[in-house]
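The analysis underlying the following values was restricted to heavy atoms, covering all of them including side chains, and did not include hydrogens, waters or symmetry mates. Numbering starts at 1 and runs along the sequence shown.
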Amino acid sequence: MVSHGSSPSLLEALSSDFLACKICLEQLRAPKTLPCLHTYCQDCLAQLANGGHVRCPECRETVPVPPEGVAAFKTNFFVNGLLDLVKARACGDLRAGKPACALCPLVGGTSAGGPATARCLDCADDLCQACADGHRCTRQTHSHRVVDLVGYRAGWYDEEARERQAAQCPQHPGEALRFLCQPCSQLLCRECRLDPHLDHPCLPLAEAVRARRPGLEKLLAGVDNNLLELEAERRVEKEALTRLREQAARVGTQVEEAAEGVLRALLAQKQEVLGRLRAHVEAAEEAARERLAELESQEQVARAAAAFARRVLSLGREAEILSLEGAIAQRLRQLQGCPSAQGPAPCLVPQLELHPGLLDKNCHLLRLSFEEQQPQKDSGKDGAGTQGGEESQSRREDAVKTERQGGTQLQARDEAQTPKEKKAQTPREDKAQTPQEDGAQTLEEDRAQTPCEDGGPQPQRGGRSNKKKKFKGRLKSISREPSPALGPNLDGSGLLPRPIFSCSFPTRMPGDKRSPRITGLCPFGPREILVADEQNRVLKRFSLNGDYKGTVPVPEGCSPCSVAALQSAVAFSAGARLYLISPDGEVQWRRALSLSQASHAVAALPSGDRVAVSVAGHVEVYNMEGSLATRFIPGGKASRGLRALVFLTTSPQGHFVGSDWQQNSVVICDGLGQVVGEYKGPGLHGCQPGSVSVDKKGYIFLTIREVNKVVILDPKGSLLGDFLTAYHGLEKPRVTTMVDGRYLVVSLSNGTIHVFRVRSSDS
């Protein structure tokens, strides 16, 4: 019984790219099979042959070419049979035209046969109804299988057709392959069997298949076992990678928590030391005020007595002088014997004592160790307990190492101190520096002690900043080379700008469905900012004090990425489009941008009537009507394709400042694309430059998210030092903007916004 349906494997082979050459991507022609079992067109293999070898395009295995050439590779008769089946089914699409009978021209002598309605699976011929009836009645063809043509082309008889149609000999057209020469392992037809294989033992194809099938099935079973082992190893490798990622995430969390704990402890010590300092100064000032009042009173009394004595001696007569001489002498002797004449009271001047570890570059509070872990076959509770025990053991060993090292350092330090020095130290302040350690402070640490707003020194700021750099240097595989410290301005106008904290506020509003993801900031009106929340698809308005002012409506479905405010409109990028909308949300125009980059940075020009957008390494400038005003590539055409400006802003001087992720630099160019400055130095710590903002004097504020910093560059792109660090509350800063040239607004990854007033030497 013949089923009117092909097997799934055959249908899959006919409908997939199994019959397509992986070199020319077309249907296989004269398919040849390499020893690696990959099949290609004979002509395609001939083009790949080089130096007597062919390299398989799929598995990259190098195969020697037979001396007879590429044609001597094995012919893939299996693919040939499938190709014949596909060609037979494709050449007779009934909708394209009715096929003609193949026997009518031979029997009746006509040039064209009648319409075919049947097909002989043995002869592979299309037959009309009359020829089909006659084909079934002749002695030679009465055993042939004649089927309905429509069902054949529908694929009902594919398997049966493949069984009845024998493979044809490539050397003798029309002859079917019937034998296998055992010594030569070659398929033969009757003609091939006579010469030169006449004396070779040959087997019919069916018998040869029965003899060789068990060996192939055994080999196939072995490969299946190898596949199972490979799959198991791949699963173990993936599980190991998953465990590695999970453990790395846990260690990362532990590192973050440990660093935060150390910072909290350090800040608590700071508050304690500053409190003790204030208490000491207040007590000393109170005592000094009492002594000063007493001294002033004694001074007034002595001054009055001395003045009276001089007046008597200069103006009095002899009798008057002698009558007062005893009283004056007694009073002057009393004043000379005053206790205050012993000298000023001792004043205890405070001194800061830093722990040696803060100055020792080889002292690391955080250490990371690696240990080999065997793959876990059982994922039950025992395995989890073992893993947890190993983690606990590793932590205990690290703690013991750290304790031993700390104890060794303290012991060596205690031995070097005199008893008097030990006595002068409190239990918390057992951190005295030797003279060599005092002299080891660098100019960078001295510069880091910038004066505070009221003019007083901040002796601890440099120490905290340096310690935070050490923490971050241990957390990430980035450069730990310190940034230049803030110093005098190069033009001699005074100190560099420094931050003064103004306020901090969250941007998540009650109507938000997701946590905010701030991708754009810009000034908006007097003392307001516009926040692009890409996650919630909204533009939010806030005052610099954190008051929520509502939203600027955006077209439905838009997720604003970068945003800039013009004179009477708002421009923002979303996907691969640039929008210009009015403050009430009316779309004035939109322009399609290149799809070659994921996001497009938008910046308003200082004039407020044009908007710039970064597109595939170049900058496009549009006017208020949406016309392209200019377009340039930073550095000219020679830099085409070499830049990728992810962040973009403009300076009051009319320059464009961008973060180039292709060159890993900050580039500054004029309106014609001429590069006037570029920075790609060690101050980036090996990280990609982030958001950029420019103040009214042209100073550039660059965000480096990975190390929680905002650094400052001069208008020509030279690095001047750190402006904001983790000490100022930065935790993964994302984007920044400058408001009125005086306020730096910084958004964090958690949706919080910090506002700092940029204080310069003339403000």
Looking at side-chain heavy atoms only, is the closest gap between Gln186 and Leu180 below 4.5 Å? no
Between Ser691 (side chain) and Thr703 (backbone), is there a donor-acceptor pair under 3.5 Å? no
Check the pair Asn708, Lys732 against side chain to side chain contact (heavy atoms under 4.5 Å, CB included), reporting the backbone distance first and the verdict last. CA-CA 5 Å; Asn708 297 331; Lys732 295 182 175 59; 4.2 Å; yes
Decide if atom CG of Asp199 counts as having more than 12 heavy atoms of other residues, nucleotides or ligands within a radius under 6.0 Å. no
Please test Thr39 against Thr33 for side-chain hydrogen bond (donor to acceptor under 3.5 Å, both in side chains), starting from the C-alpha separation and ending with a verdict. CA-CA 4 Å; Thr39 303; Thr33 301; 3.0 Å; yes
Check: Arg178 and Leu188 side chains under 4.5 Å, non-hydrogen atoms: no
Do you know which of Leu48, Leu45, Leu34 makes side-chain contact (heavy atoms from CB on, under 4.5 Å) with Val70? Leu45
Distance in Å, Arg210 CZ paired with Leu205 CG, rounded so as to fall on 0.5 Å steps: 11.0 Å
Would you say that Arg193 contacts Cys202 through its side chain, given a criterion of any heavy-atom pair below 4.5 Å between the two side chains? yes
How many angstroms lie between CD in Gln42 and CD in Gln47, if you round to the nearest 0.5 Å? 11.5 Å
Taking the side chain as every heavy atom from C-beta outward, state whether Pro35 and Phe73 have any pair of such atoms under 4.5 Å apart. yes
Is the backbone N or O of Ala644 less than 3.5 Å from a side-chain atom of Asp660, with the two atoms forming a donor-acceptor pair by type? yes
Kindly indicate whether the side chain of Val735, heavy atoms from C-beta on, has any atom under 4.5 Å from the side chain of Phe647. yes
Going through the distances and angles, do His135 and Cys120 end up as a side chain to side chain contact (heavy atoms under 4.5 Å, CB included)? CA-CA 9 Å; His135 203 71; Cys120 178; 3.4 Å; yes
Atom CD1 in Ile704, atom CG in Leu702: separation rounded to 0.5 Å? 5.0 Å
For Asn50, I'd like to know if atom CG has over 12 heavy atoms of other residues, nucleotides or ligands within 6.0 Å. no
Tell me yes or no: between the side chains of Glu58 and Tyr40, is some donor less than 3.5 Å from an acceptor? yes
In short, Cys189 meets Phe179 closest at the heavy-atom pair O-CD1, 4.2 Å
Please examine the side chains of Leu648 and Val657, heavy atoms only from C-beta on, and report whether any two atoms are closer than 4.5 Å. no
So which heavy atom on Tyr679 is nearest to which on Leu684, and how close? CE2-CG, 4.2 Å
Donor-acceptor pair, side chain of Trp661 and main chain of Leu645, under 3.5 angstrom: no
Taking every heavy atom of Cys101 against every heavy atom of Leu127, the minimum-distance pair comes out as SG-CA, 3.7 Å
4.5 Å side-chain heavy-atom contact, Arg517 and Arg734: yes
Can you tell me how far the CZ atom of Arg60 sits from the SG atom of Cys36, to the nearest 0.5 Å? 11.0 Å
Under 3.5 Å, is there a donor-acceptor pair between the side chain of His197 and the main chain of Pro183? no
Mind checking side-chain contact (heavy atoms from CB on, under 4.5 Å) for Glu231 and listing every partner two or more places apart, or none if nothing turns up? Leu228, Arg234, Arg235
Just wondering, do Thr117 and Asp126 contact through their side chains at under 4.5 Å, heavy atoms? no
Of all the heavy-atom pairs spanning Ser659 and Pro689, show the shortest one and how long it is. CB-O, 3.7 Å
Would you give the length of the straight line joining atom CG of Leu177 to atom CD of Gln171, rounded to the nearest 0.5 angstrom? 8.5 Å
Nearest heavy-atom contact between Leu28 and Ala20 is CG-C, 4.0 Å
Does any N or O in the side chain of His200 come within less than 3.5 Å of the main-chain N or O of Leu198, such that one atom is a donor and the other an acceptor? no
Could you measure the distance from the CG atom of Leu187 to the SG atom of Cys192? Nearest 0.5 Å is fine. 9.5 Å
Got a salt bridge between Glu26 and Arg29, using NZ or NE/NH1/NH2 to carboxylate O under 4.0 Å? yes
Does the side chain to side chain contact (heavy atoms under 4.5 Å, CB included) test come out yes or no for Ser562 and Ser599, once each step is laid out? CA-CA 8 Å; Ser562 182; Ser599 61; over 6 Å; no
Please answer whether the main-chain N or O of Val615 pairs with a side-chain N or O of His618 as donor and acceptor at a distance below 3.5 Å. yes
Worked verdict on Leu593 versus Arg577 for side chain to side chain contact (heavy atoms under 4.5 Å, CB included): CA-CA 5 Å; Leu593 303 175; Arg577 291 176 180 261; 5.7 Å; no
Mind jotting down which residue pairs meet the salt bridge (Lys or Arg N to Asp or Glu O under 4.0 Å) criterion with at least one end in residues 674-692? Sequence neighbours excluded, please. Arg643-Glu678
Nearest heavy-atom contact between Leu642 and Gln662 is O-CG, 3.1 Å
Yes or no on side-chain hydrogen bond (donor to acceptor under 3.5 Å, both in side chains) for Ser749 and Arg705, after CA distance, side-chain angles and deciding distance? CA-CA 9 Å; Ser749 295; Arg705 181 174 181 268; 3.1 Å; yes
